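What follows is a single structure, written as C-alpha cells, with notes after it.
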Amino acid sequence: MTWLNEKERRIAGFAAIAFGVVALLPLVDQGYYLSISVNIVMYVVLCTAWTLFSGPTHYISLATAAFFGIGTYTVALGIDTVPFPLLLVIAALASGLLACVVGIATLRLSGIYFVIFTLGLAELVRQVVTWLQTNFSSSLGLYVFTDFGEQHIYWMLLGLAAIVYITGWLINRSRLGFAMQIIGNDETVAKHVGIDTARAKVILFIISGAFIGIVGAILAPRFSYVQPPSAFNPMISFQVVIMALLGGTKRIWGPLLGVIPFTILFDQVTAYFPNHTSFVIGIAFMAIVYLLPQGVLGRLEDLVRLRKRFRMVSAEEGNNP
Amino acid sequence: MSVIISGLLLGGTYALIAVGLTMQYGVSRIMNLANGENLVFACFVAFWLFTTFAINPILGIVLIVPLAFVLNWLIYTYAMRPLVDRAKNRGQLEVDSILATFGLLFILQGIMKLTFGGGYFNYNFLAVPVTIMGSNYGLNRIVAFIAAAVIAGALYLFLNHTRYGTAIRAVAVDPVSAGLVAIDVPRASAFAFALGGALTAASGALLSTFYTFNADMGIIFTMKALIIVIMGGVGDVRGAVLAALLLGLAETAVATFIDPGLTIAATYALFMLVLLFRPQGIFGKRPS
Amino acid sequence: MSAAILSLDHATKAFGGLIAVNDLSFSLQDGELLGLIGPNGSGKTTVLNLISGALKPTSGSISLGGTEIAGQPAHKIARLGIARTFQLVRILPSLTAEQNVVAGGVFGHVRSWGVEAHDRARLLLERVGLSGRGDSPTSSMTYIDQKRLELARALAANPKVLLLDEWLAGLNPSELKIGIDLIRELRNDGISIIMVEHVMDAIRSLCDRCVVMSSGLKIADGDVHGVLADPEVIRAYLGDDHA
Amino acid sequence: MKRRTMIKTVAAATLAGVLMAGGAYAQEVIKLGASAPKSGPLAGGAEVSHWPAIKLWLHDVNARGGIDVGGKKMPVEVIEYDDRTSGEEAIKNIQRLATVDKVDFLVAPYATGLNLATAPLIAKYGYPQLAATAVTDGVDEFAKRWPNSFWLLGTSASFAESVADVLVKLRDKGAIGDKVAVVNVADAFGIELMNAGKPAMEAAGFEIVYETSYPLGQQDFAPIISAAQAAEPDAFVAFSYPGDTFGLSAQAKIANLDVGAFYVGVATAFPAYLGANGAAAEGVLGAGAVNPDAPGMAEWRARHKDVTGVDADYWASAMTYSSLQILEQAINKVGSLDKAAVTEAIKGGTFDTVLGEMTLDGNVNRKFWTVGQWQGGKFYGVASTGIGGEAEPVAKNGWE
C-alpha cells in the first residue's frame with residue numbers, strides 16, 4: 001500500500017496486534033474482567049465517536065444518550081423480525097438522521113446553546129418514544145432475547161472500535177479533517193478560504209451520532225429488558241463528556257487515556273465505598289479537573305516535551321568537553 | 001382561566017428555580033451544574049428545621065439564605081476562582097466549570113445521602129386550598145409565587161438602581177471592560193455567585209413546602225433552570241422571569257388541552273423556537 | 001479598458017441606526033489595482049466585509065463577473081474566486097507555514113489537494129519571500145513574515161479578485177519597500193486587487209485608480225493624483241480648516 | 001473499609017473468633033451478594049423497601065448464630081454494591097459478585113427492570129434469583145426461560161383487576177357510582193396496569209370519564225387533577241410511581257377532589273405517605289399491601305424500626321425479607337451451599353415467612369396482596385389473590 005508511509009505502517013501493525021491480543025480476553029476470562037472490559041470498550045467507542053465531532057469543533061454535545069437510546073430502541077423494536085446486522089445499519093441511519101436535524105438547527109448557534117439543547121434532546125426523545133409507545137402499543141418495556149453472550153458483545157464493540165479509529169484516521173487525512181483543523185484554529189479564516197463550516201460540522205456530527213447509535217444497538221441484547229429510562233439514561237452523556245475530556249480530545253486516541261482509568265476508578269469506588277459512591281466520585285472528579293487541566297493526554301505530552309528538552313540539554317552538556 | 005392561574009403559579013416556581021442560576025451563569029460565567037443540588041440541599045435544611053425545631057420554612061429562609069450565601073462565596077473563592085484565573089478564554093472556562101461543578105454535584109449529593117439517606121421527603125406546610133374564581137389552588141404555591149415576585153422585583157431594583165448593581169451588570173456584559181473602569185471584577189463575580197446560590201437556596205426552602213424531594217432530584221431542577229436562563233437571555237432577570245412564566249403557561253396548557261405526556265416535548269419545542277428566532281434570548285441584545 | 005470584474009451597485013450596510021456604508025457604487029476593472037481610502041471609521045473595512053461575505057449588505061447589489069454575490073455566505077464567495085487578508089493578521093497557529101498556505105487552496109475555486117497542493121504552497125512561499133520556511137511553526141514568525149504568509153494563503157486560492165485590508169500597515173520602511181514591490185508583481189501578473197490602505201506612498205506608487213470614502217459615502221473616484229488633490233477629499237482627511 | 005458489611009456487633013465478634021480459630025475449615029461464613037440502587041432514580045424506593053429489609057434479616061439470622069447448614073451454624077456476610085439504577089452497572093456488579101467475590105448466594109436486585117437485566121447472567125451462574133420487587137405479567141415466561149428465577153410480588157394484571165374488584169365492592173355498598181377517572185405514569189408499570197385495568201373496569205360496568213398518561217418525573221399535577229375534577233368522577237384511579245403518588249395526593253387534597261374512592265400506585269404503602277398526608281391518608285387505596293394484623297407482623301414491624309431505624313413499608317419490605325427467609329430455609333433443608341440443590345429445594349418447598357406460608361408454584365408466588373387501604377393509621381390489604389384475611393374497603397370520606 002503506497003498511501004501509507006513507513007511510520008503509519010508501523011503504527012497500523014502495532015494497532016492490529018494490540019487489537020488481536022485484546023480480542024483474546026474472552027478466552028481467558030468470561031466473568032468480571034470481561035464485564036468491565038465490555039464497559040471499557042463501550043465507553044472507548046462512545047468517547048472516541050464523541051471526540052470525532054467535539055474534539056475539533058469544541059462543541060460539547062450532551063446528546064450521547066439520545067443517539068445511544070435510539071440505537072437500543074431500534075434493536076428492541078426489530079429484534080424479532082429483522083436480522084441483527086441490518087438493525088445495526090438502521091440504528092446508524094436513525095441516529096445519523098437525528099444528528100442531521102439537530103445539527104442543522106443548532107450548529108449555527110454558539111456553543112452554549114448547543115450544550116443546553118443537546119442536554120434536553122435525550123429527555124425530549126425519551127418522552128416522545130414513551131408517548132408513542134403509550135398511545136400506540138400495549139407495553140412500554142421491550143424484551144430483547146438473543147443468543148449473544150458478553151463475549152459476542154465484546155467482539156462486536158472491539159470491531160466497531162477499530163472502525164471508529166480507522167474512520168477518524170481517514171477523516172484526519174481527508175479534506176474534511178483538514179477543514180475541521182482550520183475551523184478549530186479560526187472559524188472566520190475557515191469561511192474565507194471557502195469552507196462551508198456549518199456543513200462540515202453537521203457531517204461530523206452525523207458520523208459521530210451514527211457511531212453512538214450503533215453502540216446502543218450492540219448493547220441492547222445485554223439488557224434483556226429495554227425501557228426508556230434505561231435506554232435514554234442521561235448519565236451516559238455526562239460520563240462520555242467527562243471521560244473524553246479527562247483523556248484529552250486533541251488526538252483520536254486521547255479518550256482512551258481517560259476511559260480506562262476512569263472506568264477502573266468508578267468501579268473501585270463502587271466496590272470500596274458502596275455507600276459513599278457519589279461523594280468519593282465527586283472528590284475524585286474535582287481533583288482531576290484541578291490537577292489535569294489538559295487531560296491525561298496533555299499531561300503526557302508535557303512529559304514527553306520535558307524529556308525531549310532534558311535529552312537535548314544533556315546531549316549538549318555531553319558535547320561540552 | 002384556571003389554566004392561566006395554574007400556569008402562572010407553575011411559572012412562578014420556575015422563576016424561583018432560574019433566577020439564581022442566571023446570576024451565577026450570567027455574571028460569574030460559571031455554568032453551575034450543581035445548581036439543582038444547591039436547591040435540594042435547601043429543601044432538606046428547610047425540612048430538617050421544620051420537623052426538628054418546628055421552624056416554619058418562610059422563617060427558615062432567614063436562616064438558610066445567609067448560610068447559602070457564605071457557602072457559595074466559599075465555593076466560588078476556593079473552587080471556581082482557580083478555574084477563572086487559569087482559563088485562557090470563555091470556552092475554556094465553560095468546559096472547566098462544567099467539569100468542576102459536575103464534581104460538586106456529586107459531592108453535594110453524597111453529603112445529602114449520608115445525612116438524610118436516599119428516600120423521599122415531604123412535609124405539610126400551608127397545604128390548604130385557596131379558592132380563586134371557582135378553582136382551588138394550594139396556599140403554599142401562592143406564597144411561593146408571591147415570594148418569586150418579591151425576590152425577582154428586589155433583584156431587579158438592586159441591579160438597575162444601585163451602584164453595586166450597575167457594577168454587576170457591567171461585569172455581566174463585559175468583564176474586561178468592567179475591570180478597566182475600576183470595578184473589582186473578581187469580587188463582583190464572587191458576590192454574584194454567592195447571591196445566586198442564596199437565591200437558589202431560598203427557592204429550595206419555598207419549593208420544599210409543596211414538592212416531594214429526594215437526594216437524586218437536583219438534575220431535574222438544573223435542566224429546567226438552564227433552559228429558562230438561556231431562553232430569557234443570560235444574566236437578564238426580567239428575561240428569566242418572563243421565560244419561566246411562558247414555560248409554566250405552555251406546560252400547563254399542553255397538559256390540559258393536548259396531553260400531559262408531551263409537556264417536556266412542549267418545553268423543548270418552545271426552547272427551539274426561541275433559539276431559532278431570538279438566539280440572544282427574549283430580552284437579550286443582538287451582538288453586532 | 002476591459003470589462004468590470006467586480007461592481008458594487010448602491011450597496012448599503014446599516015448597524016441599527018448607524019449607516020456604515022451608504023449607497024456605495026463603484027466597479028473594479030479586470031486586472032486593475034484599486035485603492036480604497038478614507039479616514040478611520042469611514043467604512044472601508046465594512047466594504048471589504050460586504051464583498052467577501054463576512055457581512056450581508058442591508059440593500060444594494062454586488063456582482064462578480066456578472067454573478068450576484070451580495071448576501072451570499074463567505075465560503076461561497078471564496079469559492080467564486082475572491083480571496084482576502086485581514087486587517088489584524090490571522091494565522092492558523094497550530095498549523096505549519098506550508099499547511100497555512102495549503103489551507104488557502106484546498107477549498108477555493110481552484111481546489112488542489114495532496115502532493116500538488118503542497119508543491120504549489122512551496123512555490124507561493126518562495127514567491128512571497130518565505131522559501132524554505134514551510135515547516136517552521138508560525139508562532140515564532142515576525143510580523144512581516146506572518147503578513148507574507150497570509151498573502152500566500154490568499155494567493156493559494158488563485159483568486160480572480162484579491163482584497164488586501166491594510167496589508168502594509170505596521171511595516172517598517174525597508175519592509176514596506178519589499179511589500180510594495182510584492183504587490184506590484186501581483187498586479188503585473190494580472191490579478192485584480194482592491195487594497196484598503198493608509199500608507200499614501202503606497203497608494204501613489206501602486207494604484208491605477210482610487211475610491212475615497214467618508215462616513216460611509218463615496219466622495220471621490222478616479223485617477224489617484226486627481227483624487228488626492230480634490231478639496232473635498234482633503235477636507236475629509238484634515239477637516240474644514242485645510243480645505 | 002472495603003465491602004461495608006452489615007454484620008452487627010455480636011455476630012461480628014463471633015465471626016472474628018471463628019476466623020481467628022484458623023482456616024482449618026474451607027468455609028465458615030456464608031457470603032451473600034447484593035447489588036441494588038443506592039443512587040439514581042430508584043434509590044428512593046430501594047432505601048425504603050430493599051436495603052433495610054436485608055439489614056433486618058441479616059441482624060436476625062446472625063443473632064441466631066447464622067444459618068444452620070447440615071448441623072453447623074454459619075454466620076452470613078453481605079457484600080453490597082450500588083448499581084446506580086443502571087443495567088450496565090448491575091450486570092458488572094453481578095459478574096464481580098460471582099467471579100471475584102465468589103459469593104455463595106445473591107439477593108435479587110431491586111425493581112422489575114434491573115431484575116430482568118441481570119436474569120440471564122444470574123441464570124448463567126446458577127444462583128437462585130428470588131425477585132421480591134418485580135411486578136410484571138411475564139412471570140410465567142420468565143420462570144420458564146430462567147428456571148432458577150422466582151417471582152414473588154405478583155403480576156400487573158392481577159393488580160389492575162383487583163382495583164376493579166375493589167371498586168365494584170364500593171359501588172355495591174353505594175359509596176361510588178359508575179364514573180371513574182383513570183391516569184397512569186408512562187412507564188412499564190403504569191402502562192401494563194392501565195392496559196389490564198381499563199378493560200377490567202369497563203367489563204365491570206364502569207364508565208371511564210377521564211383518562212390520560214403523564215411522563216415519569218412529572219412534578220406538576222394541577223392540570224391533571226383539575227381536568228379529572230371537571231369530568232366529575234365517582235372514583236379516581238392513578239397507576240403511579242412514588243414521586244407522582246405523593247404529588248397527585250397533595251393536589252387532590254388541595255383541589256378537594258370529591259370522590260368516594262381514591263387509588264394511587266406505588267408508595268401509597270410507604271410510611272412516608274401517612275407522614276405526608278396525615279389524616280387525609282385515611283381511606284386512600286394503593287398498590288400492594290400486607291395484613292398488618294396477621295400474627296407476627298406487628299412484632300416484625302416493631303423490630304424493623306428498632307434495628308434499621310426506619311419503618312417498614314406495608315408491601316415490598318416484608319416480601320424482600322420473606323425472600324431471604326425462603327433462601328435460608330432452603331439452605332437449611334438441603335444442608336449444603338450447593339446452588340442447584342438449593343434452587344430445587346425452593347421449587348418444591350413450602351416456606352414459613354413473615355407473610356405466612358408461601359409456596360412457589362411453577363417458580364411463581366400465586367398468592368399475593370394486590371390492593372391496600374389506609375384505615376386508622378395502618379395500611380390494610382383489601383384485596384389479594386386468595387391469601388385471606390382481607391379487610392373490607394371503605395369509602396373515601398373527604399380530605400380532612
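Lettering of chains follows the sequences in order, A, B, ..., and the numbering in each one begins at 1. Everything numeric in this text was worked out from a predicted model, so none of it was measured.
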How far apart are the closest heavy atoms of D:Pro223 and B:Thr256, and which atoms are they? CB-OG1, 3.5 Å
Gap between atom OG1 of B:Thr252 and atom CD1 of D:Ile224 - 0.5 Å precision: 11.0 Å
Give the member of D:Ala250, D:Ala280, D:Gly275, D:Pro242 that has the highest number of heavy-atom pairs under 4.5 Å with chain B. D:Pro242
Of the backbone (N, CA, C, O) and the side chain (C-beta and beyond), which part of B:Tyr14 lies under 4.5 Å from a heavy atom of chain D, both, or neither? neither
Under a 4.5 Å heavy-atom cut-off, does chain B meet the side chain of D:Ala276, its backbone, both or neither? both
Under a 4.5 Å cut-off applied to non-hydrogen side-chain atoms, are D:Gln251 and B:Arg141 in contact? yes
Flag yes if more than 12 heavy atoms outside D:Asp258 fall under 6.0 Å of its CG atom; otherwise flag no. no
